[in-house]
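Below: the structure, in structure tokens.
Every value quoted in this text rests on a predicted model; they were computed, and no experiment measured them.
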Amino acid sequence: MSTEEAKRRAKKKFIAEKLEGITFRVPVGQKSRIQEHAKSQGESTNAFIYRAVNEAIERDEKADREE
């Protein structure tokens with residue numbers, strides 16, 4: 001097996017064991033807006049969405065505790 005094939009298999013195994021996917025749909029035109037914003041922040045689109053979701057969850061949980 002070549003080194004490249006071994007790398008592909010290892011990556012595929014890591015993804016299968018450690019990650020889950022979510023389909024995220026947005027209105028036409030919003031995808032490029034999100035991508036451009038993420039890039040301007042030095043993040044991948046995935047990292048930006050992940051950060052935004054986590055910040056919203058933390059904010060909501062804090063608000064729930066303060067009630």
inquiry  = Rounded to the nearest 0.5 Å, what separates atom CZ in R8 from atom OG1 in T3?
reply    = 10.5 Å
query = Got a second to check how far I34's CD1 is from I49's CD1, nearest 0.5 Å?
reply = 5.5 Å
request  = Identify whether F14 and I22 are in the same connected component of the hydrophobic contact network (ILVMFWY, side-chain heavy atoms under 4.5 Å).
outcome  = no
inquiry  = I need the M1 CE to K7 NZ distance, nearest 0.5 Å.
reply    = 13.5 Å
task = Could you tell me which residues satisfy side chain to side chain donor-acceptor pair (under 3.5 Å) with Q30, sequence neighbours excluded, listed by chain and number?
result = R33
ask   = What heavy-atom pair brings S32 and G29 nearest, and what distance separates the two atoms?
value = OG-O, 3.3 Å
request  = Answer yes when R9 and E5 have at least one side-chain N-carboxylate O distance shorter than 4.0 Å, and no when they do not.
outcome  = yes
ask   = If you look at every heavy atom in S44 and A38, which pair is closest and at what distance?
value = O-CB, 3.6 Å
key: Check ion pair E58-K62 (N to O, under 4.0 angstrom)   = no
key: Q35, Q41, K39 screened by side-chain contact (heavy atoms from CB on, under 4.5 Å) with H37, the one that passes   = Q41
key: Hydrophobic cluster membership, F48 vs V53, 4.5 Å side-chain cutoff   = yes
remark   = So CG of D64 and CD1 of I57: to nearest 0.5 Å the spacing works out to 11.5 Å
